[in-house]
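Quick notes on the structure that follows.
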2 protein chains.
Amino acid sequence: MSDLVTRLRRHNWRITPQRRVIAETLEGSHVHFTADEILERAVERMPELSRATVYNTLNEMVALGEVLELTLDGRSKRYDPNADHEHHHLICEGCGLMKDVHAMADPVDWLPGDERHGFAVTRASITYRGLCPECQAAQS
Amino acid sequence: MSDLVTRLRRHNWRITPQRRVIAETLEGSHVHFTADEILERAVERMPELSRATVYNTLNEMVALGEVLELTLDGRSKRYDPNADHEHHHLICEGCGLMKDVHAMADPVDWLPGDERHGFAVTRASITYRGLCPECQAAQS
DNA sequence: TCCTTCTTTAGACATAGTCTAAGCTAGGAT
DNA sequence: ATCCTAGCTTAGACTATGTCTAAAGAAGGA
């Protein structure tokens with residue numbers, strides 16, 4: 001059984017066949033899909049699955065805190081099933097390739113008190129940008 | 001004359017009345033507007049200004065590197081005229097209020113070599129999230 | 001079995017952004 | 001001054017992404 005499904009079950013969230021397919025599709029890949037990409041792949045296993053269910057289900061998993069919503073390119077949201085592991089993202093400005101990465105320190109510690117404007121700061125995520133090896137080669 | 005217009009002129013970019021109004025609207029505020037918010041405000045000064053021109057102009061200013069495009073909420077892009085000052089963003093999860101902030105360290109320095117996956121990493125931006133003072137008060 | 005509640009579905013709707021084709025403007029050449 | 005050309009602006013159509021609605025479908029409890 002998928003780890004994400006296990007985590008979702010703990011919230012007393014009913015695991016329907018549709019939700020299971022969506023969760024397994026999300027977790028089965030190591031790239032971060034958009035909602036429509038998940039729909040496209042999930043429909044191969046369950047042809048009658050509807051677009052609305054995919055969007056609803058993803059939003060609910062985000063609300064439960066078990067999936068992260070990423071808005072890194074301004075086009076469409078992407079979904080990351082690793083909500084339980086602290087990580088950041090590295091994106092290629094050439095082709096859009098995205099990798100999960102880990103920094104050596106917590107960026108919350110780098111924000112001085114006088115820069116917090118009275119906020120209760122709870123988390124921080126870093127978006128690294130650069131060129132992947134293929135795009136570096138293509139450019140030279 | 002606005003600083004942004006000065007920077008844009010250096011690119012041999014024709015400063016038309018429309019572009020001037022858009023640049024000044026963008027720079028005149030200390031919040032980061034969406035394209036439609038800029039249109040709404042710019043139209044007060046130039047009623048015949050079109051939506052397409054605002055979108056085209058903002059995209060060109062981003063391409064010239066003089067304006068940053070922010071995709072922090074997944075709804076719409078926001079535009080930040082301070083492309084020449086390194087800074088990050090602090091966002092209230094209650095009301096969406098956004099502040100520019102400065103960190104004590106450069107996050108690029110905290111990404112180990114074996115986490116770079118061969119990328120040439122050029123920049124990094126941090127998104128801090130938390131609750132602003134008003135939303136903290138409302139919650140208790 | 002029946003009832004209630006939650007889930008799913010198709011399609012309409014909303015929002016954000018891009019594209020197209022036409023007309024407009026400004027500066028350079030003559 | 002007039003023409004030419006390149007670039008700019010415009011309205012509106014179009015696309016992509018995401019949300020909402022109303023009705024039908026499933027699932028568990030009395």
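Just so we're on the same page: letters track the sequence lines, and every chain starts at 1.
- Toward the 5′ end of DNA chain C lies the nearest nucleotide of B:S76, the other residue of the pair B:P17 and B:S76 mapping further downstream.
- OP1 or OP2 of D:dT9 has not a single side-chain nitrogen or oxygen of B:S50 nearer than 4.0 Å.
- Applying the 3.5 Å distance criterion, the base of D:dG18 shares no donor-acceptor pair with the side chain of B:R75.
- A sub-4.0 Å separation between OP1 or OP2 of C:dT18 and a side-chain N or O of B:N56 is absent.
- Across the protein-nucleic acid pair, A:D73 atom CG and C:dG17 atom P stand 12 Å apart, rounded to whole Å.
- If you check every strand for non-hydrogen atoms under 4.0 Å, A:T16 touches sugar and phosphate atoms only.
- Rounded to the nearest 0.5 Å, atoms CH2 (A:W110) and CH2 (B:W110) are 6.5 Å apart.
- Note that NE2 of A:H32 and CD1 of A:I38 are 11.0 Å apart. Values are rounded to the nearest 0.5 Å.
- Donor-acceptor pairing under 3.5 Å is recorded for the side chains of A:D80 and A:H87.
- Distance, B:E69 CD to C:dT18 P: 8 Å, rounded to whole Å.
- Look at CE on B:M46: it is 13 Å from C1' on C:dT25, rounded to the nearest Å.
- Residue A:R19 places at least one side-chain N or O closer than 4.0 Å to OP1 or OP2 of C:dT8.
- Here B:Q18 reaches the OP1 or OP2 of D:dT10: one of its side-chain N or O atoms lies under 4.0 Å away.
- Here C:dT5 presents its C1' atom at 17 Å from CH2 of A:W13, a figure rounded to the nearest Å.
- At a cut-off of 3.5 angstrom, the base of C:dG17 holds at least one donor-acceptor pair with the side chain of B:R51.
- Under a 4.0 Å N-O distance rule, the pair A:E93/B:R123 qualifies as a salt bridge.
- The interatomic distance linking A:L39 (CG) with D:dT17 (P) rounds to 12 Å, in whole Å.
- Put simply, the side chain of A:Y55 reaches to within 4.5 Å of the side chain of A:D36, judged on heavy atoms.
- Remark: B:Y55 is not in phosphate contact with C:dT18, judged by side-chain N or O atoms under 4.0 Å from OP1 or OP2.
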